[in-house]
Amino acid sequence: MSDPATDAAPTPFGNYQYEIYLQGLAGELPEHPISWDELERAAAGALDPGARGYVFGGAGREDTQRENLEALRRHRIVPRMLRDVATRDLRTTVLGTAMPAPLLLAPVGVQSIIHPDGELAVARAAAALGVPMVASTASSFTLEEIAEAGGGAAAPRWFQLYWPKSDDLAESFVARAEAAGYGAIVVTLDTPLLAWRPRDLAQAYLPFLKSVGIANYLADPVFRAALERSPEEDPQGAVGHFVGQFSNPSATWAGVDRLRALTDLPLVLKGINHPDDAREALARGVDGVIVSNHGGRQVDGAVGAIDALPRVVDAVGDELTVLFDSGIRSGADIMKALALGADAALLGRPYLWGLALGGETGVRAVLRAMLGELDLTLALSGHATPATVDGSALTQRP
Ligand code: FNR
């Protein structure tokens, strides 16, 4: 297993292409599509209609979901020449977590609807490459099972908290994540309510109501203590309690102070788009923010996430770690996020395509391709390390 904290040498991700060409000499072709668009189409075809709508859908008319990609396309890389990119090093450390490249896996819930091994497969694939996985509160397996599948403390991983109504339950989740060796707490702020999602509504599809994606709740001592009968005796009663607890629409910034007091782990707020919210986060003593619109799944009509990034970086970039997700579809997209000031990017839907097609090996193939493409894009643009990438690496499409 790769351990980026102790690996003596950086991983030459770009060499993945030679492995593919060499296998071609032996008559072997890649198992899954290499083109990102073909991979996406193949994954869509592999899922049942409910899961397909859940993974591929967004809020409202999916205008923001499209805008995330379009806004990234408007930024264009301006390659630089003759800058010695023979030896490259993509390694970085974010909030104390060492990683082989500035890339993490975004938290995605209820992954067993995509593949029976769900988050366990993703944890194994991420650990094999040393890429940190952010495990969702709404996972199909418990956070302890995910940590174990990913090789325990040997691999980096963070925990994403959906902030429940009960502070005691929040405290229990955080304590469990600490005990299981998670290295940071990511609090997702953009989901105080579930958005209007037409694809899910059209199929009346919400897996949580069938006890899928609530493993962390069902296993939690505080959650269980609040039930009259155990989830095993009364599954629907447990689902009802989950529905009442899942999110907290009355949450305010004062709650961030309580969360801050709960843990010494780095605290990261996900779903920040406005510079004033970023400043508020800084004032409340958090360690980082993730500029994200949840992949266009919450506020349809919201600004493309990459267009929100520079203003947040201007506001707090010198003092807080700033991460980015929503729309990353290629190595070039990751480079663009770095150039606009992100310390690292989070990959969302593309790793789910790999999961849908091949479980652990599918996710591993996606990660190797994404990191290989990032390595080559950086190198061919004149960067042997992400550290030299800044705003001067980009221009806007006229
Ligand atoms: C998500 N996302 C998400 N975020 C979170 O904080 N907790 C969660 O449980 C989930 N679940 C989830 C399920 C599915 C199917 C998707 C597609 C997304 C949002 C995720 O972390 C990330 O913000 C987006 O995926 C980024 O958008 P793109 O790049 O995937 O389009």
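Whatever order the structure lists ligands and atoms in, that order sets their numbers, starting from 1. Atoms considered below: every heavy atom in the structure, side chains included; atoms not considered: hydrogens, waters and symmetry mates.
Using the six-membered ring where Trp is involved, Phe159 and Tyr182 have ring planes that are perpendicular, over 60° apart on the 30 and 60° scheme. Taking the six-membered ring where the residue is Trp, Phe246 and Tyr217 present tilted rings, their angle falling between 30° and 60°.
Taking all heavy atoms of Arg297, Gln298, Arg329 into account, the minimum distance to atom 28 (P) of ligand 1 is reached by Arg329. Between atom 29 (O) of ligand 1 and the options Gly348, Ala135, Gly327, the minimum heavy-atom separation is to Gly327.
Looking only at protein heavy atoms, the nearest one to atom 30 (O) of ligand 1 is Arg349 N, 2.8 Å. Atom 13 (C) of ligand 1 has as its closest protein heavy atom Val108 CG1, 3.5 Å. Of the protein's heavy atoms, Gly109 N, 3.1 Å lies nearest to atom 11 (N) of ligand 1. In terms of protein heavy-atom proximity, atom 24 (C) of ligand 1 is closest to Gly295 N, 3.8 Å. For atom 9 (O) of ligand 1, the closest non-hydrogen atom of the protein is Ser136 OG, 2.7 Å. Taking atom 19 (C) of ligand 1 as the reference point, the nearest protein heavy-atom neighbour is His294 CD2, 3.4 Å. At the top of the distance list for atom 1 (C) of ligand 1, counting protein heavy atoms only, stands Pro107 O, 3.8 Å.
Under the 3.5 Å distance criterion, with hydrogens and angles disregarded, no donor-acceptor pair is assigned to the side chains of Ser140 and Gln111. No hydrogens or angles considered: a donor-acceptor pair under 3.5 Å links the side chains of Arg197 and Gln298. There is no side-chain donor-acceptor pair under 3.5 Å between Thr361 and Glu31.
Interface of Asp325 with ligand 1, defined as ligand atoms under 4.0 Å from a residue heavy atom, comprises 22 (C), 23 (O), 26 (C). Using a 4.0 Å cut-off to heavy atoms of Ser292, the atoms of ligand 1 that qualify are 23 (O).
If you look at Thr188 next to ligand 1, the close heavy atoms, those under 4.0 Å, all belong to the side chain. At a heavy-atom distance under 4.0 Å, atoms from both the backbone and the side chain of Ser326 approach ligand 1. Under 4.0 angstrom from ligand 1, the non-hydrogen atoms of Lys270 all belong to its side chain. Contacts between Gln160 and ligand 1, counted as non-hydrogen atom pairs separated by less than 4.0 Å, involve the side chain only.
In terms of hydrophobic clustering, with Ile, Leu, Val, Met, Phe, Trp and Tyr side chains grouped at heavy-atom distances under 4.5 Å, Ile20 and Leu39 are assigned to different clusters.
Between Glu232 and Leu218 there is no side-chain heavy-atom pair separated by less than 4.5 Å.
Under the 4.0 Å criterion applied to side-chain N and carboxylate O atoms, Arg368 and Asp375 are not assigned as salt-bridge partners.
By the 4.5 Å side-chain criterion applied to Ile, Leu, Val, Met, Phe, Trp and Tyr, Leu25 is assigned to a cluster that also includes Leu22.
Using modelled atom types, one side-chain atom of Glu373 and one backbone atom of Gly331 make a donor-acceptor pair closer than 3.5 Å.
Residue Tyr162 places a heavy atom under 4.0 Å from ligand 1.
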